[in-house]
Amino acid sequence: GRGIVESLGNFGRTGVAPTHPELLDWLAVSFVENGWSFKWLHRQIMLSNTYRQSSALRPESEERDPDNRWLSRMPLRRLEAEPLRDSLLAASGELDVTAFGKPDSVTVRNDGLVTADRNETGWRRTVYVQQRRKELPSILETFDLPQMSPNCVTRPNSMVASQALHLLNNGMVRELAMQFAQRIETQAGQDRYRQIEQVYQDALSRKPTAEETQLALETLSQLTAEWELRRAAEEKTLKDDGTQSPSAETQALANFCHVMMNSAEFLFVD
């Protein structure tokens, strides 16, 4: 996330000196010698031992390289705005991977939030969402999508409360969590063990540990009981309007999926 030369807008004698000048020279010369091929350059970087390091903080690197200036570990980074939104859609099964064509329009809601419009098969990838200076989708603005006027030399990467609050309270994120839960029920049935394993696999690309499975089972049991009490109270006070709300089990699973979408492991690349 930080260049060999940190002053991206001032690459020269008056800018910041490179941290690894010999490496920079070697990359520049080799880039030219290999036909100015960006594919070659990307391959060289991404297959290097330095790039493939773990982000685990070792005692020796913490002491000798606390700011990771000398690339002693892979930096832990949060997903950028576009892949974060796409990941939320993919987990819920609502990501439309159709490529090319006209950009998807956006809607400014009565509450001031700006959201992309859904088509018949879901929401398309963020790269296809229409972006206007005064109508930037709220989730992208919250998660530091850079303003391109007049120009942007580096993307900001903030950690602010509004990001956590957006994922916790935003209506669309909650809707996606419900769709995530319903998709899990379709794939795994009503077996809680299979549901938990499928949620972890889809959201975090791994299986849960035994401790995580047990904690998830206990949490789902408590949430189901809470939703059953709430539904019983609502039935006494509200008239039946003909619509069927999700079951207590599905509501509990949606809460669990929502928690996974808010987890650090979902939001950060480790």
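- Take Asp202 and apply the side-chain hydrogen bond (donor to acceptor under 3.5 Å, both in side chains) test, not counting sequence neighbours, and it matches Arg183, Gln198.
- When only modelled atom types and interatomic distance are considered, Gln182 and Thr250 share no side-chain donor-acceptor pair under 3.5 Å.
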#### Entry: Test salt bridge (charged side-chain N to carboxylate O under 4.0 Å, His left out) applied to Arg118 and Asp96, step by step
CA-CA 9 Å; Arg118 188 186 188 279; Asp96 178 2; over 6 Å; no
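- Residue Leu223 is not grouped with residue Ile184 when hydrophobic side chains (ILVMFWY) are merged at heavy-atom distances under 4.5 angstrom, including chains of intermediate members.
- For the residue pair Val114 and Glu135, the shortest heavy atom distance occurs at CG1-O, 3.6 Å.
- No more than 12 heavy atoms of other residues, nucleotides or ligands lie within 6.0 Å of OH in Tyr51, so this atom counts as exposed by the packing criterion.
- At a cut-off of 3.5 Å, with distance as the only test, a side-chain donor of Glu218 or Gln214 sits close to an acceptor on the other residue.
- Residues Ser54 and Arg73 fail the side-chain proximity criterion, which asks for heavy atoms closer than 4.5 Å.
- Listed here is the closest heavy atom pair of Gly189 and Gln195: O-NE2, 2.7 Å.
- A donor and an acceptor atom, one from each side chain of Trp123 and Asp117, are nowhere located under 3.5 Å apart.
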### Message
Could you go through Arg194 and Glu185, starting from their C-alpha distance and side-chain angles, then the distance that decides it, and tell me whether this counts as salt bridge (charged side-chain N to carboxylate O under 4.0 Å, His left out)?
### Response
CA-CA 9 Å; Arg194 290 184 58 198; Glu185 288 183 331; over 6 Å; no
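- Hydrophobic clustering, with ILVMFWY side chains joined whenever heavy atoms are under 4.5 angstrom apart, keeps Val127 apart from Leu95.
- Surrounding CD of Gln187 are more than 12 heavy atoms belonging to other residues, nucleotides or ligands, all under 6.0 Å away.
- Of all non-hydrogen atoms in Phe256 and Val199, the two that sit nearest each other are CE2-CG1, 3.7 Å.
- Using a 4.5 Å heavy-atom threshold, the side chains of Asp144 and Glu80 count as separate.
- By the rule that hydrophobic residues join a cluster once side-chain heavy atoms approach within less than 4.5 Å of another member, Val129 and Val97 end up as members of separate clusters.
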### Task
Go through Val269 and Leu76 one step at a time and tell me if the side chain to side chain contact (heavy atoms under 4.5 Å, CB included) criterion holds.
CA-CA 6 Å; Val269 179; Leu76 184 67; over 6 Å; no
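- For CZ of Arg52, the number of neighbouring non-hydrogen atoms (other residues, nucleotides, ligands) closer than 6.0 Å is greater than 12.
- Within the 4.5 Å cutoff, the side chain of Glu249 has heavy atoms near those of the Glu228 side chain.
- Atom CD of Glu211 is surrounded by 12 or fewer heavy atoms from other residues, nucleotides or ligands within 6.0 Å.
- Residues Leu168 and His258 come closest through the heavy atom pair O-CE1, 3.0 Å.
- Defined by atom type and a distance below 3.5 Å, a donor-acceptor pair is missing between the side-chain atoms of Ser48 and Arg43.
- Side-chain polar atoms of Ser30 and Asn34 form no donor-acceptor pair below 3.5 angstrom.
- Donor-acceptor pairing under 3.5 Å is lacking for the side chains of Asn119 and Asp104.
- Residue-environment remark: CZ (Arg230) stays at or below the threshold of 12 foreign heavy atoms within 6.0 Å.
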### Task
Take His20 and Trp70 through the side chain to side chain contact (heavy atoms under 4.5 Å, CB included) test and state the conclusion after the steps.
CA-CA 8 Å; His20 302 72; Trp70 308 116; 4.0 Å; yes
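- When Leu253, Leu220, Leu215 are each tested for a side chain to side chain contact (heavy atoms under 4.5 Å, CB included) with Ile196, only one passes: Leu220.
- Thr19 and Arg69 share no side-chain donor-acceptor pair at under 3.5 Å.
- A salt bridge does not link Arg231 with Glu226: none of the charged nitrogens is closer than 4.0 Å to a carboxylate oxygen.
- Considering Arg155, Arg124, Arg125 in turn, Arg155 is the only one that fulfils the salt bridge (charged side-chain N to carboxylate O under 4.0 Å, His left out) rule with Glu82.
- Taking each heavy atom of Arg85 and Ala116 in turn, the nearest pair found is NH2-CB, 3.5 Å.
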### Verdict with reasoning, Trp36 to Phe31, per ring-ring contact (aromatic ring centres under 6.0 Å, His included)
CA-CA 5 Å; Trp36 303 80; Phe31 177 55; 5.5 Å; yes
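- Counted by atom type alone, Thr213 and Glu197 present zero donor-acceptor pairs between their side chains at under 3.5 Å.
- For Glu63, the CD atom sits in a loose shell: 12 or fewer heavy atoms of surrounding residues, nucleotides or ligands are nearer than 6.0 Å.
- Here the shortest heavy-atom pairing between Ala252 and Trp227 reads N-CD1, 3.7 Å.
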